Structures are given as C-alpha cells and as structure tokens.
Amino acid sequence: MDKFTRLEGVAVPFLRANVDTDMIIPMTRLVGTTRAEIEAGCFELLRLRRDGTEDPDCVFNQPAFRGAPILLAGDNFGCGSSREAAVWALAGMGVKCVIAPSFGDIFFANCFQNGLLPVALPMAEIERLAEETRAAPGNARVTVDLERQVLVSPRGREIAFAIEPRRRTAMIEGLDDIGATMTMGADIAAWQARQRAERPWMLPDGAAPGQEGPS
Amino acid sequence: MAGKTLFDKIWDRHAIADLGDGFHLLGLDRVLVHDLSGARALEEVAEKGYPVARPELVFATPDHAVSTKPGRTEDTFPVGGRLVRGMRRRTAALGIRMFDLGQDGNGIVHVIGPELGISLPGAIIVCGDSHTCTHGGLGALAFGIGSSELVHALATQTLVQRRPRAMRLNFEGALPVGVTAKDMILHAIGRLGVAAGTGIAVEYAGSAIRALPVEARLTLCNLSIEMGAKMGMVAPDDATYRFVAGRDFAPKGALFERAVADWRTLPCDPDAVFDVEHTIHMADVAPQITWGTSPEHVVAIDQPIPDPARAPDAARRRAWAAALEYQGLEPGKPIAGTPVDWVFIGSCTNSRISDLRAAAAVARGRRTSARVTAWVVPGSERVKKEAEAEGLDRVFRDAGFEWREPGCSMCVAANGETVPPGQRSVSTSNRNFTARQGPGARTHLASPAMAVAAAIAGAIADVRSI
C-alpha cells in the first residue's frame, strides 16, 4: 500500500450529502471488468452525458479541478454498497484524500485499506474551505499533513483533525492489517480452541446440501 | 457497572485481542462469498499466495451476476458465467462449500444463510456485501465488508474492527392493517435519516419486534445499512430457535439444546445502556413508498410528494429537487396514482417464502395492468420449490407475473436485467439510488403486497384499498 504522509494540491468542492457508492462507481463498471475500467468510471453518471461526452458543467470536468487530489464532500459520503471499487475509482481519478463531515462506515474502512485518507471535519469548516477554493479556482491549494494531523487552507488557516493513532501509523508506514494479523497466529489458535470447547455448535453440522460438491 | 447489550455480549466473546483505540481483532464464525466481491477476493487470495484459514466456515453462492431468466444456464449472462466458473474452480481447490447454480441450497447469499442454518444466533458473520446486516434478524452480529477486508477474513478467519456505538430502536404496538416489516424500517429511515446509524450498531426491540416472524425480522435488519448502520440485530427468542431448529448446518439433538441454553443468555441485560435510543409507535406507521433517490425519501402511501420548498434545510432542498427531477415527479401531487411500468418482487430484502405468500395473497384472482411488466424472482432454489409446491407460481403466472429463477436480479442490475431508461419501477428491493436498477431507471421501494397492488393498478397504489 502507498504511504501517506503529506499532500498538497487543489481541492474540488462537491458538497452534496449522502453520495452513495453506486454514484461513485455504477454497477455497469463492476461486473467482469478490469481495474483500469473501474478507475476510468469514477462519477461517470455525473461526468458524462447520455451520449458519452463530457458534461462541461460537472465540477470534476472543469479545468481548475480536473485531477484534484483532494475532494471536499458532504455528509455521509460513500454510503450504501460495500463496493471497494468506489475507493479504487476515486484513486483512479487522482483523489488521495476525501474531507467530509461524515462517511459511510464500510467506505471509511475501505479507504484505509487503499491508502486514501478520509478526514472528518465539521460542515461549516468544509464550506469555508470550499469558499476559499472557489475564490481562486485551480490556484487555491490545500495541504494535508498527516504526521502533524493538520490541514492548511488556501488562505493559510491551520485546521487540526483527529484520526485514530492505529490508522494514522498504518497510513504513514503503508501497512495493511493482514501482515500484522498473521503474526498473531497463536492468539487466534487459542481463541479458536476456546470457541470449540465452549460453543461447539458453531461448527457447521456435517451432512448438508451441495455436500457432493459441484459437478 | 452497567449491564451488557446483545451486541456487547457477541462482540466480547469474539474479541481475540484488544488492539487499542477501540479496535479489536475479532474471530469470525462464518464468511459468506458471492460472485462479485467474493470471486474477486478468492482470486486475490490465490494471487497473493495466502491460505484460506478455515474453509469449513466459508460458504459460497453465485447470486449477483446470474441471469434469472426461466431455463437459464450460467452463460445466459456470459460475463456472469465467467465469474461462476472462476468461483467454482477456486472454491473446489480451496475446499470451500459452493452452492452452485441450480443446486439445492443455491440462492441469494442473505436468503440461504438463514435458510440452511449457516447463520446462527450469537455468530459473527461477514460477507463482501453491505446487506449482510440481514442475518442480524437471527440475533447474529453480521456486517458487510470491502474486498480487502474479505481477503483478510478468508486468510485469517478474523477481522480488525472498531467497536461501534449502540442504538436501540423500539417499535411499540400492534402492526396496523397493510403494514409490514418493510414499512416499519422505511418509516424509521424516513424519520431518522440515512445517516442516523453511521458508526452505530442498532438493536431493534419493543413489542412489535417480538411479534414479528423471523423472516420479517430479516427484512427489517436488511435495511439497517440504508439507515447508515452496517450492523442491525434482533435479540433471539423462542421464534428464532424454532426457525433455526432442524436446518441443514444448524446443530442437532443435544448440541442444539446446549446452543439454545447459551442463546438464551444473549439478550440485552435490563440495566444495559445505549448511546442513542428512539421509539416508534406502530399506530403512526402506514404502508410506505419511496419517492426519491435515497431511502429516506419516503412517504406514507396516502401522502403527497414532498415539496423541496418545504425541506428543513438548504442541503435537503437541493437533494429533494434533484431527486424529483430524476424521478420525473411533481411536488404536492399525491404519490398514489403515479403510473408504473415495472414491478419487481425479489431481492435479499423481500424474496423469502413469507414475502411470496403475502404477494400471492394480493395477486390471487387479479390481473396485472397491461402497461406493467411484472417479475417475481424467488430468493433461493428452496424458496422457489416451496412456492411451486404451494401453487404460488400459478397464482403469479395467472395474474400476469413472470415467475423466474433465483438471484439478485433487478435489485442491483449486475446481471444485465435492468429497468429501461426513464421507466418507473415499484420494487421490493432495498435501494432507490440513481440508476440502481439501470441507467435512467426510476425506483420506488415498497413491500411485496404494495408492489403487487401497483402491478394490478398500473400505478402506485394503496394495498389497503384493494
């Protein structure tokens, strides 16, 4: 996983509430497709018109914001489907950090699995950032400093943000959970032995349909 | 010290290690795998050379990208056929039980888990699918995860999770005529909003919940994620134990009795404390229908389409206006009477035998409107067989519905089955998001009985007036 320490760049304001992961990446991009096809499909319901051409009014297509690494978003961003492809698609569009008042729980966890930083800030703060950004389109740069847990607005205001130490460390060092968990094999085996002794009924009962296996 | 909630009890007994900051390493009882996220995760496990830690606790079923056309094969939807073959190869190599297309046990992952006794009270169950919360209806702690977490779950039979806060949502009183579990949860989402459960595990309680049959509890819990809660649950009780008894993978005999004795200790202690609590009085709940593009865009069937000018804040004013434009609706007009082109009865929300019985009870002896294409997609092979044994397929066919093969179908439109652009659908599924049922499709969520009422009227209709 890519490491995340510090990021400086343009922030694209898209403050709509309850943006679901179907909106970020539609199902038509997910079935039997490659990672590249997914990455090319971010927000295509908004970015593209019926005839497949780009909608110039869409903020993601405007020259000042195209490829912006920071997304300023509304409440409950990434709600709905668990599709991790929503994170892959955002990354494919160049987004490395999403700033929103709140996030869908599964999307939030998926971000950390892919080195994309979700930052929670109050809506009023995000609206101020959006105003500063719109005041100088394309030139208003935001800095996200994960080591100091500080965000610097285009006008130089410093805004502190909170993140769990465990997740912060994993992002900075580019670690994923699986390697760490695999070092805990003894703890896992001990728990499983206890579970078998105390709750043996949790093991699936023997004979059942499909036992013969697929033909 | 305050007592423990149902959630606390299940979480605590699965905590292998405290990782700090509220994170725990949790042991998992079941990992469920379907043909989209699951097939991808199985490929990734193989590519990275990980083991599958406990294949006997993993169960696989193709459901998302399979055609539900009568007489289908895996290649009726060719892209899905490739996924099914990949899944078959991987599960066979890894020793994972797969319920293959057309086999007994196949169906929608959240239908077959409870149906086969794979899902049990007190279990932690994960799946790469946000509607995994469905299994909470049995008193399990079940939640959706992304594909990276799914790889972690397969490779270690554990997961790192942060402990959520706790909400209790009480439903008190008797269900009014025409009101189902689907109406209860849609009403709650309308009241509390789609973000009310973010970072929260919900327990549904109260006299109306205790009176709900188990399949209705599954429907209720299914929509927890539409309230933002990735976990939703109902305490197990005698109805739950009767439901679980005798199912294929459930414990039998003396072991079952031991299990029940343990499950009886799971319900919330009387002095347990919830971070948030809400109560809904059933007398206030009428049959529901969504009007917009978010599950919180919902009204009682006898209400008008909301006016953005009267939205509580600017953000919702914009969202409501955009939703009305996408849906092609005018504010202030009654929602009932809006012409409908498609009706879909199915999905992990409402495709169980009790749902089909409720739908058939309205359809019996009636005809669908000529303007409507109406489908019934049973949730599993077993639901299909049971319905056919009861003659429900004939009731639906005689009424003008198409009786199809099991799968997710038009709920998620991953299998090429879509509502055409601009057409309006009344659907028993769980999401009315923009383009959810296909590009340009307009979705209205409702209960099975309400969906049949719409199919007959050719318009959104009040099932109580039929």
Side-chain angles (χ1 to χ4, degrees), chain A residues 15-18 20 22-23 26-28 30-32 45 50 74-76 79-85 87 102-107 109-110 113-114 164-167 176-178 180-182 184-185 187-188 190-192 195 198-205 207-211 213-215, chain B residues 16-17 19-21 23 25 27 29 36 56 65 79 82-83 88 92 97-100 103-105 116 118 120 123 128-130 144-149 151-152 155-156 158 160 194-195 198-199 228 230 248-252 255-256 258-259 262 294 315 319 412-414 431 433-436:
Chain A
L15 303 192
R16 191 188 289 206
N18 303 318
D20 57 70
D22 279 70
M23 177 67 69
M27 186 47 75
T28 45
L30 297 189
V31 189
L45 286 171
R50 245 331 136 64
D75 255 316
N76 201 25
C79 62
S81 160
S82 61
R83 57 190 68 173
E84 196 161 321
V87 180
S102 62
F103 296 88
D105 286 346
I106 305 175
F107 173 83
N110 287 342
Q113 302 288 345
N114 292 275
E164 301 98 332
R166 178 188 167 78
R167 282 177 157 153
D176 60 22
D177 286 331
I178 201 161
T181 300
M182 283 191 166
M184 300 177 70
D187 294 321
I188 296 169
W191 179 84
Q192 288 179 346
Q195 175 84 341
E198 292 175 7
R199 289 180 282 279
W201 56 84
M202 278 298 180
L203 283 178
D205 191 53
Q211 183 79 66
S215 51
Chain B
I16 297 172
L19 305 174
D21 309 327
F23 288 88
L25 182 68
D29 298 302
L36 286 189
E56 75 278 18
V79 182
R82 286 207 303 276
L83 295 172
R88 191 180 292 146
R97 178 74 53 86
M98 167 163 158
F99 303 101
D100 212 332
Q103 278 186 357
D104 182 34
L116 299 176
I118 293 168
L120 296 175
D129 192 285
S130 62
I145 55 179
S147 37
S148 296
E149 287 183 315
V151 169
H152 187 289
T156 67
T158 69
V160 177
V194 289
T198 303
K230 74 176 180 180
D248 304 81
F249 293 96
K252 308 289 184 320
L255 199 55
F256 180 75
R258 274 180 70 190
D262 175 70
S294 164
V412 62
R431 288 190 172 133
F433 296 162
T434 300
R436 174 77 177 184

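Please read these numbers as outputs of a predicted model, since none were measured by experiment. Throughout, a chain's letter reflects where its sequence line sits, starting with A, and its residues are numbered from 1. What's counted below: heavy atoms across the whole structure, side chains too, no hydrogens, waters or symmetry copies.
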Name the region of [X], side chain, backbone, both or neither, that has any atom closer than 4.5 Å to a heavy atom of chain A.
X: A65(B); answer: side chain
X: L25(B); answer: side chain
X: T158(B); answer: side chain
X: R82(B); answer: side chain
X: A319(B); answer: neither

Considering non-hydrogen atoms only, spot the tightest contact between [X] and [Y] and give its length.
X: V31(A); Y: V79(B); value: O-CG1, 3.5 Å
X: G80(A); Y: S130(B); value: O-CB, 3.6 Å
X: G146(B); Y: I106(A); value: N-CG2, 4.0 Å
X: L116(B); Y: G105(B); value: CD1-O, 3.8 Å

(message) Under a 4.0 Å threshold between the charged nitrogen and the carboxylate oxygen, would K252(B) count as salt-bridged to D205(A)?
(response)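 Answer for the salt bridge query: yes.
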
Using heavy-atom distances under 4.5 Å, tell me whether [X] contacts chain B through its side chain, its backbone, both, or neither.
X: D75(A); result: neither
X: D177(A); result: both
X: L203(A); result: both
X: M202(A); result: both
X: W191(A); result: side chain
X: E198(A); result: backbone
X: I178(A); result: both

(request) Would you confirm whether D21(B), through its side chain, and F23(B), through its main-chain N or O, come within 3.5 Å as a donor-acceptor pair? (result)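 Checking the backbone N and O of F23(B) against the side chain of D21(B), no donor-acceptor pair under 3.5 Å is found.
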
(message) Check whether E84(A) reaches the backbone of N110(A) with its side chain - one donor and one acceptor, N or O, closer than 3.5 Å.
(response)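 The answer is no, because no donor-acceptor pair under 3.5 Å joins these two groups.
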
Between chain A and each of [options], count heavy-atom pairs under 4.5 Å; write down the option with the most.
options: A435(B), G20(B), G199(B), G128(B); answer: G199(B)
options: A250(B), S294(B), G228(B), A413(B); answer: A250(B)
options: S148(B), A17(B), P251(B); answer: S148(B)

(request) Taking the side chain as every heavy atom from C-beta outward, state whether Q113(A) and S147(B) have any pair of such atoms under 4.5 Å apart. (result) no

(message) Does any part of the side chain of R431(B), heavy atoms only, come nearer than 4.5 Å to the side chain of D20(A), both counted from C-beta?
(response)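 No - every pair of side-chain heavy atoms lies 4.5 Å or more apart.
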
(message) Using the ring pair (Phe, Tyr, Trp, His ring centres under 6.0 Å) criterion, which residues pair with F103(A)? Sequence neighbours excluded.
(response)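 Partners of F103(A) under the ring pair (Phe, Tyr, Trp, His ring centres under 6.0 Å) test: F108(A).
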
(message) Looking at chain B, which one of Q195(A), R50(A), R16(A) has the largest number of heavy-atom pairs inside 4.5 Å, strictly under?
(response) Q195(A)

(message) As an exercise: rank P165(A), S102(A), A180(A), G32(A) by heavy-atom pairs under 4.5 Å with chain B and give me the winner.
(response)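 Result: the option with the highest number of such pairs is P165(A).
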
(request) State which residues pass salt bridge (charged side-chain N to carboxylate O under 4.0 Å, His left out) with E164(A); sequence neighbours excluded, sorted by chain then number. (result) R167(A), R162(B)

